[in-house]
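Report on the structure given below.
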Amino acid sequence: MLMNTLWSAFGSLMGLFYFGLQVMVPCLPPAPLSISRLITDEYMGSWHFVAVSVWDEDDLKDFKTADNSMLHIQKSDDDTLTVTESFSIADQCQKITWTYNTSVLDPFLFRSDMDAIALVWDGKFVNCPSCIIILHVDGDDEISTMLFDRGEKTPDEVIQKFKSKMECLYMEDFYKSPREKAQCKLDAAA
Ligand SMILES: *[C@@H]1O[C@H](CO)[C@@H](O)[C@H](O)[C@H]1NC(C)=O
């Protein structure tokens, strides 16, 4: 109970801090989606990976080996999200599943091995109502911002806007999924 009160006070302070930061750094995106917004039907389900921006070009390696990546986000009963990533790699379909704890510190998602944290934004700040943007930070300090879309056709203006917004935040290394391999369906993935 006390912990809950403390966390929510901390959350409000973070909100204020973020608001102040946005005034000073205009290209910062709006506040991320709260957990209660995120776990609605609007955001659960499948998303197509569109593009990624990183600070350190080395962090693009993993993205370049896979193609046609998709995310499948599902809510579980125990305050967790099950996130399955499916992708084509060397002409094979593969998948990886992670669990994220939603009850640690709103709006942060903590991967269950506590080795990665994610934040999610809606696509409004890149003018894409059908998109989400995920910031992912892992234990090796690999930081990436990924653009996902519900549909398969993301307008070029959206991708360019995402790229330039990220450049403004010094995430200058950018990679767009080529989608040259056959689409990888979740149930076909090994
Ligand atoms: C989520 O994190 C909270 C707070 O650290 C912890 O009490 C809870 O057991 C975790 N839930 C899961 C399913 O790991």
Side-chain angles (χ1 to χ4, degrees), residues 1-22 28-50 52-56 59 61-63 65-66 69-87 89 93-125 130-150 166 169 171 184-190:
M1 187 63 201
L2 177 66
M3 272 317 273
N4 281 346
T5 316
L6 281 178
W7 278 131
S8 73
F10 181 71
S12 325
L13 266 179
M14 292 278 288
L16 266 181
F17 174 74
Y18 200 82
F19 182 75
L21 213 61
Q22 254 192 310
L28 273 190
L33 289 172
S34 65
I35 301 289
S36 56
R37 275 296 303 288
L38 178 67
I39 62 175
T40 58
D41 289 348
E42 198 176 344
Y43 301 105
M44 297 297 98
S46 300
W47 297 90
H48 295 269
F49 171 68
V50 180
V52 57
S53 287
V54 297
W55 268 304
D56 180 352
D59 298 346
K61 275 195 305 252
D62 290 345
F63 292 98
T65 56
S69 301
M70 288 192 76
L71 271 195
H72 313 270
I73 311 176
Q74 274 176 305
K75 187 169 71 168
S76 306
D77 300 333
D78 57 348
D79 288 341
T80 59
L81 289 180
T82 305
V83 180
T84 301
E85 195 188 337
S86 63
F87 46 90
I89 190 162
C93 260
Q94 293 198 0
K95 65 179 175 187
I96 298 184
T97 299
W98 294 103
T99 305
Y100 285 84
N101 190 330
T102 55
S103 61
V104 185
L105 176 62
D106 195 3
F108 294 92
L109 299 169
F110 284 77
R111 202 166 74 190
S112 52
D113 61 359
M114 288 294 169
D115 209 29
I117 300 178
L119 281 170
V120 184
W121 281 264
D122 65 30
K124 280 194 205 104
F125 86 108
S130 63
C131 294
I132 51 171
I133 291 160
I134 301 181
L135 173 72
H136 191 266
V137 181
D138 80 8
D140 303 322
D141 289 333
E142 286 192 10
I143 303 177
S144 53
T145 312
M146 295 162 278
L147 177 68
F148 291 88
D149 194 341
R150 277 290 188 206
M166 293 306 122
L169 299 170
M171 297 183 107
C184 178
K185 293 268 182 286
L186 186 58
D187 40 11

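As the structure is a prediction and not an experimental result, all values here were calculated from the model. We count ligands from 1, going down the list as the structure has it; atoms in each ligand are counted the same way.
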Pairs satisfying salt bridge (charged side-chain N to carboxylate O under 4.0 Å, His left out), at least one member in residues 76-86, at least two apart
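Listed by first then second residue: nothing to list.
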Is it the case that the ring center of F49 lies less than 6.0 angstrom away from the ring center of F87?
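F87 vs F49: aromatic centres not under 6.0 Å.
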Pairing residues for D113 by the side chain to side chain donor-acceptor pair (under 3.5 Å) criterion, not counting sequence neighbours:
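In terms of side chain to side chain donor-acceptor pair (under 3.5 Å), with neighbours along the sequence ignored, D113 is linked to R111.
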List the atom pairs, donor and acceptor, that lie under 3.5 Å between side-chain atoms in residues 34-45 and the rest of the protein, sequence neighbours left out.
{"from": "S34", "atom 1": "OG", "to": "S36", "atom 2": "OG", "distance (Å)": "3.3"}
{"from": "S34", "atom 1": "OG", "to": "R37", "atom 2": "N", "distance (Å)": "3.3"}
{"from": "R37", "atom 1": "NH2", "to": "Y43", "atom 2": "OH", "distance (Å)": "3.1"}
{"from": "T40", "atom 1": "OG1", "to": "R37", "atom 2": "O", "distance (Å)": "2.7"}

Within a strict 4.5 Å, meaning less than it, do heavy atoms of the S76 and T82 side chains meet?
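In contact.
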Measuring from each atom of ligand 1, which residues have a heavy atom under 4.0 Å away?
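For ligand 1, the contacting residues are D78, T80, N101, S103, V104.
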Check the pair Q74, T84 against side chain to side chain contact (heavy atoms under 4.5 Å, CB included), reporting the backbone distance first and the verdict last.
CA-CA 9 Å; Q74 274 176 305; T84 301; 5.5 Å; no
